[in-house]
Structures are given as C-alpha cells and as structure tokens.
K.L.:
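Mind looking over this structure? Questions follow.
Note that the coordinates shown come from a computational prediction; the quantities given were computed from them, not determined experimentally. Counting convention: from 1, in listed order, for ligands and their atoms alike.
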Amino acid sequence: MSAAPDFAVIGGGIVGCSLAAFLAEAGARVVVYEREAIAAGASGRNSGVVQHPLDPALVELYEESVEHYATLGRGFELPADPVGLLLVTDDPERLEPEPSEFPELRPTLLEGAALRAAEPALADGLAAWRLDTGRPVPPAAAANAFATRAREAGAEFRIGEPAFLALDGARATGVTVAGEHHPAGAVAIAAGPWTAEALDHPQGGLTPLKVRVPIAPLWGVVVELELPAAPRHVLEETGIKALTQAAGAPSVLFSAVTARGISAVGSTFTLEKPDPEAHAPGVLENATRFLPGLKGVKPRGVRACARPSSADGWPFLGPLPGLEGVSVASGHGAWGITLGPASARLVADQLLGRPAEIPPALAAGRS
Ligand SMILES: Cc1cc2nc3c(=O)[nH]c(=O)nc-3n(C[C@H](O)[C@H](O)[C@H](O)COP(=O)(O)OP(=O)(O)OC[C@H]3O[C@@H](n4cnc5c(N)ncnc54)[C@H](O)[C@@H]3O)c2cc1C
C-alpha cells in the first residue's frame, strides 16, 4: 500500500478483524496493527459460545452478529440451531427470577429428574433455567475467519509491534509504531482491554482520553478437557452478570461450553493477570460441584485471557467527542464474540460516513 491508508485499525481481535473486513469491503484502504498475533487476546482464548446476552440494550447487536456469522464461512461454522443454555445453581433458593422479558428464549425451569433427563452430565440437587440459545464455536474461529475476509478485500495486517494513536492537536494523524509515525486518514481503536492504553500512550501524555474510555481487563482462566460424557448444553452458573459488570473481587464461576468434542470449563474473574496453571485446580474443583464426571479427567490445556470490561457492561462504540478522526470499538466484556461483528459494522458505517445508528447508550462519548 503506497499512499497512506484511509483507516488504521489498532487490534486484531474479533472486533478489529471484523471492522477491517467491513471497511475494506466498502472499498477503503485499511491497515490493521496487531502487537502479537491475530486473536492473541480473548478473541482466541474465550469459552466459545455465541449466545443471547440477556440484556435488552444488547439484543440487536447479538441478532445482527448471528446474521454475520451465518454467512461468514472461511473455517467458521455457526451451528444452525442453539444447543440450549442452562443457567444453573446448586442453591435452588438463589435461582434467579425467570428471564420473562425474553419469551422467545422459552425459559423453562428444570429441577430433579427433569434436569437430569435434559442434561445427564449434571450433579444431583441442582436447579436451572433452560433457555433456547447458545451456539458453541471454536474460540479463535470467528476472528481468524474475519481476518481472512479482511485480507481478501485488500486489508493489510502489520503484526508484531504495538501501535498507539498519533494526534496533531485534536486531530488523528495515524499511529505511532516503534517510535515511527504511520499516517492514516482516521484511526479506529479495537485493542480490547488495552484500548485506553492505545489511546493514551505515555509518549502522548493524554491522560484525559484514557479517563474517557474506562475499559479494564477482567481476567479469566479456562481449562480444556475431553470428557467421556460431555454436556449437551452450554452450562453457566447463575450470577455472571454481577461479576462481569463491576470488576469485582477475585472469584470463580462455573461455565462449560463444548464445541467439536472439547469442553472449555471456566472461569475466573480477576483484576490481575493470573498464572493459568495455578488457577486450573480451583476452576476444576468448583466445576466438579456441577459436573461430577470431571473428576480425574486430565486437562488437555489451560489458558487465560482478559475481558475488555466496562463499568455498565456495555461496549464503547464510535467517535470520541472533541477529537477528529478517532473512533473506538471495544468494551464487550464477557460477550465480545457474541456481539463484536455487529458493533464493528456500526463503527464501520460511522467511519465511512454512512448514516450512524449507534445507540446513545453504547456511544463511545457517553458520560
Ligand atoms: C474466559 C473468557 C471467556 C469468554 N467466553 C466468551 C464466550 O463464550 N462468548 C463470547 O461472546 N465472549 C466470550 N468472552 C469475551 C470475548 O472473548 C471478548 O469480549 C472478545 O474476545 C474481545 O474482543 P476484542 O477484539 O475487543 O479484544 P481482544 O480479543 O482482546 O483483541 C484485542 C487485540 O488488540 C491487541 N492489542 C492490544 N493493544 C495493542 C496495541 N497498542 N497495538 C496493537 N495491538 C494491540 C491485542 O494483542 C489483541 O489481539 C470471554 C472472555 C473471557 C476472558
């Protein structure tokens, strides 16, 4: 690419790759800057489920993302039908109220023999809401497929060094990589939990920008196993919303997602980057309360990654007020695979000067 690109995208996760694909397919010249590898962050290491977000503010992003995934291909395969989500608890007294605002998910209360029949892998004495959602996918498949699609449309990927926003006054001039200026017409920052850092590198001394995009890492450890009798459903202990919204005290909540015979069992919620090997026994011990068949099964692997968490649980999308040529696409917390492509499409439209439909509640400039 000889002339400066129209857009520099910082971050090669699900959001950055899908954003690059939408921009390049519209005819724009795009360079993606990724410091490590495509899907090096949570977009390659997540639990691997596309599921209803159970939040009215995010339903449209979910539904549109499912549409994008249905035609994505390039090694990505969206199961045609949901396998079902069980929101499960071992303290039936604390079972969450029926999620009645989503009748389309056909919430069904299951306990005792009915729960055992629906999901034989579960322990006795549990209770669950069954919801008609949950499509398991291999963790890195979506980001890799969008990266392929972006390349096919002419986007260029520069991998191996961090990039930081470069400004001249209030106007973006491109990015800085290893001290070198790379010009671009506008910059989109999709650096996941590190979005604030990419905006606000100490070189620039732009602390107020960081304050305006309060996205922080909330780390999770996931253990991968091949279970002789893997669960049929996506399983999730109740209470995840409270933990993922406010970066709370270190904790662990059970979840299990099985894609292509491999179960991803999680997960922790910590502010500090964890040592995955040290946390794996605790994750498995907690999970055994729900899946007794886990006991004694040797893990295939363990991984850690960071959720890009915002205080209200909603992403930050679109232009940053007061700056010219700077947009953000990040902050999807625990649901970036589920919501990322539709968020990217909204930000792509805004960058391309098409009518912007970013809901005010999700706008990057919200207070
Ligand atoms: C344990 C766990 C399980 C999860 N399970 C699910 C799930 O089942 N379903 C679901 O929908 N979501 C899930 N999520 C959430 C989901 O994985 C994330 O929301 C999503 O991957 C975030 O995508 P992203 O593109 O915003 O960020 P990331 O995937 O973090 O990508 C950002 C990229 O930017 C790069 N980068 C950072 N700074 C710079 C820089 N300065 N210059 C260049 N590159 C930079 C990083 O290397 C990284 O590759 C899970 C998260 C965790 C932690």
K.L.:
Without hydrogens or angle criteria, can the side chains of His332 and Ser343 be said to hold a donor-acceptor pair below 3.5 Å?
P.N.:
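His332 vs Ser343: donor-acceptor pair found between side chains.
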K.L.:
Would you please test Asp91 and Thr89 for side chain to side chain donor-acceptor pair (under 3.5 Å) and show each step?
P.N.:
CA-CA 5 Å; Asp91 180 0; Thr89 177; 5.7 Å; no
K.L.:
For the pair Thr270 (side chain) and Glu272 (backbone), establish whether a donor and an acceptor sit closer than 3.5 Å, ignoring hydrogens and angles.
P.N.:
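Between the backbone of Glu272 and the side chain of Thr270 there is a qualifying donor-acceptor contact (under 3.5 Å).
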K.L.:
Pull out every atom of ligand 1 sitting under 4.0 Å from any heavy atom of Ala42, numbered as shown with elements.
P.N.:
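Answer, ordered by atom number: 17 (O), 18 (C), 21 (O), 29 (O), 30 (O).
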K.L.:
Considering non-hydrogen atoms of the protein only, which is the closest contact for atom 16 (C) of ligand 1, and what is the distance?
P.N.:
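Heavy-atom neighbour on the protein nearest atom 16 (C) of ligand 1: Gly336 N, 3.7 Å.
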K.L.:
Testing the basics here: between Ala40 and Glu34, what is the closest heavy-atom pair and its distance to 0.1 Å?
P.N.:
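Looks like CB-OE2, 4.2 Å.
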K.L.:
So between Ser43, Gly192, Gly333, Gly13, whose heavy atom ends up nearest atom 18 (C) of ligand 1?
P.N.:
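The nearest heavy atom belongs to Gly333.
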K.L.:
For Ala190, take its heavy atoms, then give the atoms of ligand 1 lying under 4.0 Å from any of them.
P.N.:
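The list of qualifying atoms is 32 (C).
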K.L.:
Select one of side chain, backbone, both or neither to describe which atoms of Val15 lie under 4.0 Å from any atom of ligand 1, heavy atoms only.
P.N.:
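Both of them.
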K.L.:
Please indicate whether any nitrogen or oxygen in Glu34 is less than 3.5 Å from any nitrogen or oxygen in ligand 1.
P.N.:
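Yes - when backbone and side-chain N and O of Glu34 are compared with those of ligand 1, one distance drops under 3.5 Å.
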K.L.:
Is the closest side-chain heavy-atom distance between Val175 and Val31 below 4.5 Å?
P.N.:
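Of all side-chain heavy-atom pairs linking Val31 with Val175, none is under 4.5 Å.
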K.L.:
In the protein, which heavy atom is nearest to atom 5 (N) of ligand 1, and how far is it?
P.N.:
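Heavy-atom neighbour on the protein nearest atom 5 (N) of ligand 1: Ser47 N, 3.0 Å.
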K.L.:
Check contact between Val257 and ligand 1, using heavy atoms of the residue and a distance below 4.0 angstrom.
P.N.:
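The answer is no: ligand 1 sits nowhere under 4.0 Å from a heavy atom of Val257.
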K.L.:
Report the nearest protein non-hydrogen atom to atom 51 (C) of ligand 1: residue, atom name, distance rounded to 0.1 Å.
P.N.:
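So the nearest neighbour among protein heavy atoms is Arg307 CG, 3.6 Å.
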K.L.:
Which residue holds the protein heavy atom closest to atom 30 (O) of ligand 1, what is that atom called, and what is the gap in Å?
P.N.:
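Protein heavy atom at minimum distance: Pro193 CD, 3.4 Å.
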K.L.:
Looking at Thr108 and Arg106, would you say the former's side chain and the latter's main chain have a donor-acceptor pair under 3.5 Å?
P.N.:
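Yes: the side chain of Thr108 pairs with the backbone of Arg106.
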K.L.:
With backbone taken as N, CA, C and O and side chain as the heavy atoms from C-beta onward, which portion of Ala334 lies under 4.0 Å from ligand 1: side chain, backbone, both, or neither?
P.N.:
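The answer is the backbone.
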K.L.:
So is there a nitrogen or oxygen of Thr338 less than 3.5 Å from a nitrogen or oxygen in ligand 1?
P.N.:
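Looking only at distances, the answer is yes, because the N/O contact criterion of under 3.5 Å is met.
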K.L.:
Of all the atoms in ligand 1, which lie at a distance below 4.0 Å from a heavy atom belonging to Cys305?
P.N.:
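Answer, ordered by atom number: 1 (C), 2 (C), 52 (C), 53 (C).
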K.L.:
List the steps, then state whether salt bridge (Lys or Arg N to Asp or Glu O under 4.0 Å) holds for Arg45 with Glu224.
P.N.:
CA-CA 10 Å; Arg45 295 158 174 261; Glu224 226 178 63; over 6 Å; no
K.L.:
Is any N or O atom of Pro308, backbone or side chain, closer than 3.5 Å to an N or O atom of ligand 1?
P.N.:
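There is no such contact.
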K.L.:
Flag the pair Val49 / Val83 as yes when at least one side-chain heavy-atom distance between them is below 4.5 Å, and no otherwise.
P.N.:
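When only atoms from C-beta onward are counted, Val83 and Val49 do not touch, as no gap falls below 4.5 Å.
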K.L.:
Does some non-hydrogen atom of Gly48 fall short of 4.0 Å from ligand 1?
P.N.:
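Judged by the 4.0 Å heavy-atom criterion, Gly48 does count as contacting ligand 1.
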K.L.:
I'd like to check whether Ala163 has a polar contact with ligand 1, where a contact means an N/O of the residue lying under 3.5 Å from an N/O of the ligand.
P.N.:
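Between Ala163 and ligand 1, an N or O pair is found under 3.5 Å apart.
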K.L.:
Contact between Gly12 and ligand 1, counting heavy atoms under 4.0 Å?
P.N.:
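Within the 4.0 Å threshold, so yes.
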K.L.:
Just which atoms of ligand 1 are under 4.0 Å from any heavy atom in Trp194?
P.N.:
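Counting from 1, the qualifying ligand atoms are 30 (O), 37 (C), 38 (N).
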K.L.:
Quick one: does any side-chain atom of Arg74 pair with a main-chain N or O of Leu72 as donor and acceptor, under 3.5 Å?
P.N.:
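Side chain of Arg74 to backbone of Leu72, a donor-acceptor pair under 3.5 Å: yes, one is there.
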K.L.:
In the protein, what heavy atom is nearest to atom 34 (O) of ligand 1, and what distance, to one decimal place, separates them?
P.N.:
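Result: Gly11 CA, 3.3 Å.
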K.L.:
Heavy atom to atom 9 (N) of ligand 1, shortest distance: which of Val49, Leu19, Ile10 holds it?
P.N.:
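Of the listed residues, Val49 has the closest heavy atom.
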K.L.:
Indicate yes or no: at least one non-hydrogen side-chain atom of His52 is less than 4.5 angstrom from one of Pro99.
P.N.:
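They are not in side-chain contact.
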K.L.:
May I ask you to check whether Arg35 has an N/O atom sitting below 3.5 Å from an N/O atom of ligand 1?
P.N.:
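N/O-N/O distance under 3.5 Å: yes.
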K.L.:
Would you mind checking if Arg149 and Glu25 are paired as a salt bridge, meaning a charged N to carboxylate O distance below 4.0 Å?
P.N.:
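Yes, this pair counts.
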K.L.:
Do the side chains of Arg345 and Glu357 get close enough for a salt bridge, i.e. N-O under 4.0 angstrom?
P.N.:
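Salt bridge between Arg345 and Glu357, a charged N being under 4.0 Å from a carboxylate O: yes.
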K.L.:
Does Leu227 share a hydrophobic cluster with Ile262, counting links as ILVMFWY side-chain heavy atoms below 4.5 Å and allowing steps through other members?
P.N.:
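Different clusters.
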K.L.:
Which one holds for Tyr33 and ligand 1: side chain close, backbone close, both close, or neither close, with close meaning a heavy atom under 4.0 Å?
P.N.:
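Near ligand 1, Tyr33 shows its backbone, while the atoms from C-beta on stay back.
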K.L.:
Less than 4.5 Å apart, side chain to side chain, heavy atoms only: is that true for Leu362 and Leu58?
P.N.:
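Counting from C-beta outward, Leu362 and Leu58 do come under 4.5 Å.
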K.L.:
Please work out, at 4.0 Å between heavy atoms, whether the side chain, the backbone, both, or neither of Ala39 comes within that distance of ligand 1.
P.N.:
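The answer is neither; Ala39 stays 4.0 Å or more away.
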K.L.:
Over all heavy atoms of both residues, which pair between Ser65 and Thr338 is shortest? Give the atoms and the distance, please.
P.N.:
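Distance-wise, the nearest heavy atoms are CB-O, 3.0 Å.
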K.L.:
Please answer whether the main-chain N or O of Gly261 pairs with a side-chain N or O of Thr258 as donor and acceptor at a distance below 3.5 Å.
P.N.:
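The answer is no, because no donor-acceptor pair under 3.5 Å joins these two groups.
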K.L.:
Do ligand 1 and Ile14 have nitrogen or oxygen atoms that lie under 3.5 Å from each other?
P.N.:
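Yes: some nitrogen or oxygen of Ile14 is under 3.5 Å from one in ligand 1.
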K.L.:
Run the numbers for me: atoms of ligand 1, each under 4.0 Å from some heavy atom of Trp335, listed by number.
P.N.:
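Per the distance check, 9 (N), 10 (C), 11 (O), 12 (N), 15 (C).
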K.L.:
For atom 6 (C) of ligand 1, which of the options Asn46, Thr176, Val9, Val137 provides the nearest non-hydrogen atom?
P.N.:
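Result: the heavy atom closest to atom 6 (C) of ligand 1 is in Asn46.
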K.L.:
Only heavy atoms of Val222, strictly under 4.0 Å: list the atoms of ligand 1 that pass.
P.N.:
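Those atoms are 1 (C).
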